[in-house]
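Computation of the quantities below employed the complete heavy-atom set of this structure, encompassing side-chain atoms and omitting hydrogens, waters and symmetry-equivalent molecules. First listed ligand is number 1; within each ligand, the first listed atom is number 1.
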Amino acid sequence: MSFSPALVYDFIFLAVFSFAAVKSWQKGFLAGLTELIGAVLGVGIASWGSRTLAPEVYLSFFSDSVSTRVEQAVAQSGGDIAAAVQGLDFLPESIRAALAEGKPVVALESTILSHGMPYPENLDFAHRVEEVIRSLGAIPATCAIVKGRLKVGLTAEELEIMCRAENIGKVSRRDVAVYVALGRTGATTVASTMIIAAMAGIPVFATGGIGGVHRGGQDSMDISADLQELAHTPVTVVCAGAKQILDIGRTLEYLETMGVPVIGNQTADFPAFFCRKSGFGVDYAAQSEAEIASIIHAQRGIGFTAGILVGNPVPEEYALDHEYMERIINVALQAADEANVHGKNITPFLLAKVKELTGGESFETNVQLALNNARCAARIAAALCELKKAE
Ligand code: PSU
Ligand code: MN
């Protein structure tokens, strides 16, 4: 015969009960009987109460408590406690719930709004891109830093602030801590949006074009922090390639050195933003978004922490001519040189110049390619959710 805990409890209960019975009996028959009945009723009510009332009390007061939310946040941020603690504050409930339920979420950047497009067209775009993602059953999460807080998913008011772009800085990796410490508001680039997306546990992010090695970068060493981020942060970035303002060949060489897979979405050509081809190839031409999801899944399964870059060409009907863009970009580069623009200001300067020189013609292309990337990212995110469910 083995001693189970239940048996031990029964034995203790019987012993206590017998002791109480004998003690009651000693007080005289009637008094003893009354006391005994009282004790039995008391034990009965206590045991009924603990079974029926306690779970109710537990559920309403403790179960969705801070500890549970911390557990969820830690799980979502891949075990990173620091990220989880921030996450309790920066993840809106809708996005937290979507991630917990295994629903597809697509991260979006805010520099494309504040430094890449004019107001109010950028606000219209900001709502349209979120709508495109929703129409495909995914949840959009535009990232930014608002008053020193990392944000995943902006309110309509916050989107408006980003788009008005008054005193809105451009925040890359190295600026994040400064903005958090000083309570500043800034728009996040590809690099810092990847950081926030990774903290939140969002694996897919759609943008327009990534930063890269600038022309003459071999001398100036002007290489966007986006490339380093792709090397280290496990987020897949869907882009329409890189603008010809950059040295696309060296950008791709850098990505190869850093071990970042460059995948074409149904194309063998790495696209050049306004144009479907850059003259350079991708590592692998994926057949479909589902196939891209399987590559992401495998990358995580192996334990690699690098990101993945997906090149998704602008739809044919909106593509601009390569030679024409090359001429425009050369004029813009010349202007930047004459104005002696350097560092983080060069990309916004060139973007504004290109827009000015194309008389806004390039703007519609810019909008369309970004919407197209959002579609691609939403499909990848959905396929990735299916793969995780099937695990
Ligand atoms: N290229 C574009 N549009 C953009 C950007 C780049 O065609 O809006 C923005 C992105 O936010 C990108 C950033 O992450 O510029 C790169 O800036 P830098 O080269 O300073 O890292
Ligand atoms: Mn730079």
Side-chain angles (χ1 to χ4, degrees), residues 107-119 121-122 125-126 129 142-145 162-163 165 168-176 186-197 205-231 233 235 237-248 250-251 254-255 270-275 278 307 309 311-314 320 325 328-329 332-333 336 341-355 357-358 362-363 365-374:
L108 297 164
E109 61 153 312
S110 41
T111 294
I112 188 175
L113 304 174
S114 62
H115 295 79
M117 295 179 180
Y119 182 84
E121 287 89 340
N122 53 2
F125 166 77
V129 73
T142 306
C143 299
I145 298 189
M162 284 301 141
C163 291
I168 300 294
K170 174 182 159 195
V171 178
S172 193
R173 175 178 267 272
R174 72 169 183 183
D175 311 296
V176 172
T188 49
T189 63
V190 168
S192 49
T193 303
M194 285 179 77
I195 294 169
I196 297 177
F205 159 25
T207 183
I210 56 154
V213 179
H214 280 260
R215 294 194 189 196
Q218 65 274 30
D219 297 321
S220 67
M221 289 186 68
D222 188 349
I223 300 169
S224 172
D226 292 355
L227 301 187
Q228 274 294 319
E229 211 56 56
L230 279 162
T233 304
V235 172
V237 179
V238 180
C239 70
K243 272 208 185 98
Q244 288 149 276
I245 56 171
L246 301 173
D247 183 332
I248 297 180
R250 284 193 172 88
T251 299
Y254 192 98
L255 289 169
F270 187 71
F273 202 83
F274 296 120
C275 315
S278 63
L309 187 64
N312 186 42
V314 59
L320 300 180
M325 279 322 295
I328 298 279
I329 276 153
L333 286 167
V341 188
H342 292 292
K344 71 193 289 178
N345 297 325
I346 188 129
T347 299
F349 179 92
L350 290 172
L351 297 180
K353 203 78 197 162
V354 166
K355 187 179 162 276
L357 292 166
T358 55
S362 61
F363 183 70
T365 302
N366 197 345
V367 168
Q368 291 299 334
L369 66 86
L371 295 178
N372 194 45
N373 293 342

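- S220 places none of its side-chain heavy atoms less than 4.5 Å from the side chain of H342.
- Within the 4.5 Å cutoff, the side chain of I210 has no heavy atoms near those of the S224 side chain.
- Each of the atoms 7 (O) of ligand 1 lies under 4.0 Å from some heavy atom of F273.
- The protein non-hydrogen atom at the shortest distance from atom 17 (O) of ligand 1 is K170 NZ, 3.2 Å.
- Here D226 has side-chain heavy atoms under 4.0 Å from ligand 1, and that is the only part of it that gets that close.
- Shown here are the protein N/O/S atoms lying under 2.8 Å from the Mn ion (ligand 2), water excluded: D222 OD1.
- Looking only at side-chain heavy atoms (C-beta outward), N366 and F273 come within less than 4.5 Å of each other.
- For the pair M162/Y119, no side-chain contact is recorded, criterion being any heavy-atom separation below 4.5 Å from C-beta on.
- In this structure, the protein non-hydrogen atom closest to atom 1 (N) of ligand 1 is G209 O, 3.6 Å.
- Looking at atom 21 (O) of ligand 1, its nearest protein heavy atom turns out to be S224 OG, 2.6 Å.
- Under a 3.5 Å cut-off, the side chain of S172 and the backbone N or O of T189 do not form any donor-acceptor pair.
- Contact atoms of ligand 1 toward I112: 8 (O) (distance under 4.0 Å to a heavy atom of the residue).
- Considering only non-hydrogen protein atoms, atom 15 (O) of ligand 1 sits nearest to T347 CG2, 3.6 Å.
- Residue nearest to atom 7 (O) of ligand 1, selected from Q244, H214, Q228, K243: K243 (by heavy-atom distance).
- The closest side-chain heavy-atom distance from D175 to K344 is below 4.5 Å.
- Residues T188 and S110 have side chains that bring a donor and an acceptor to within less than 3.5 angstrom of each other.
- From the protein, the heavy atom lying nearest to atom 9 (C) of ligand 1 is T111 CG2, 4.0 Å.
- By the side-chain hydrogen bond (donor to acceptor under 3.5 Å, both in side chains) test, E229 is found to be paired with R173, T233, residues two or more places apart in sequence or in another chain being considered.
- Annotation: side chain of V354 is in contact with side chain of F274 (closest heavy-atom distance under 4.5 Å).
- Looking at V314 and T365, their side chains come closer than 4.5 Å, going by heavy atoms from C-beta outward.
- Contact annotation: for L351 versus ligand 1, heavy atoms closer than 4.0 Å belong to the side chain alone.
- Under the 4.5 Å side-chain criterion, counting only non-hydrogen atoms from C-beta, T111 is not in contact with T207.
- Applying the side chain to side chain contact (heavy atoms under 4.5 Å, CB included) test between I328 and each of L333, I245, T358, L320 identifies T358 as the sole match.
- Remark: distances from the non-hydrogen atoms of E109 to ligand 1 include one below 4.0 Å.
- By the 3.5 Å distance cut-off applied to N or O atoms, G116 is not counted among the residues near ligand 1.
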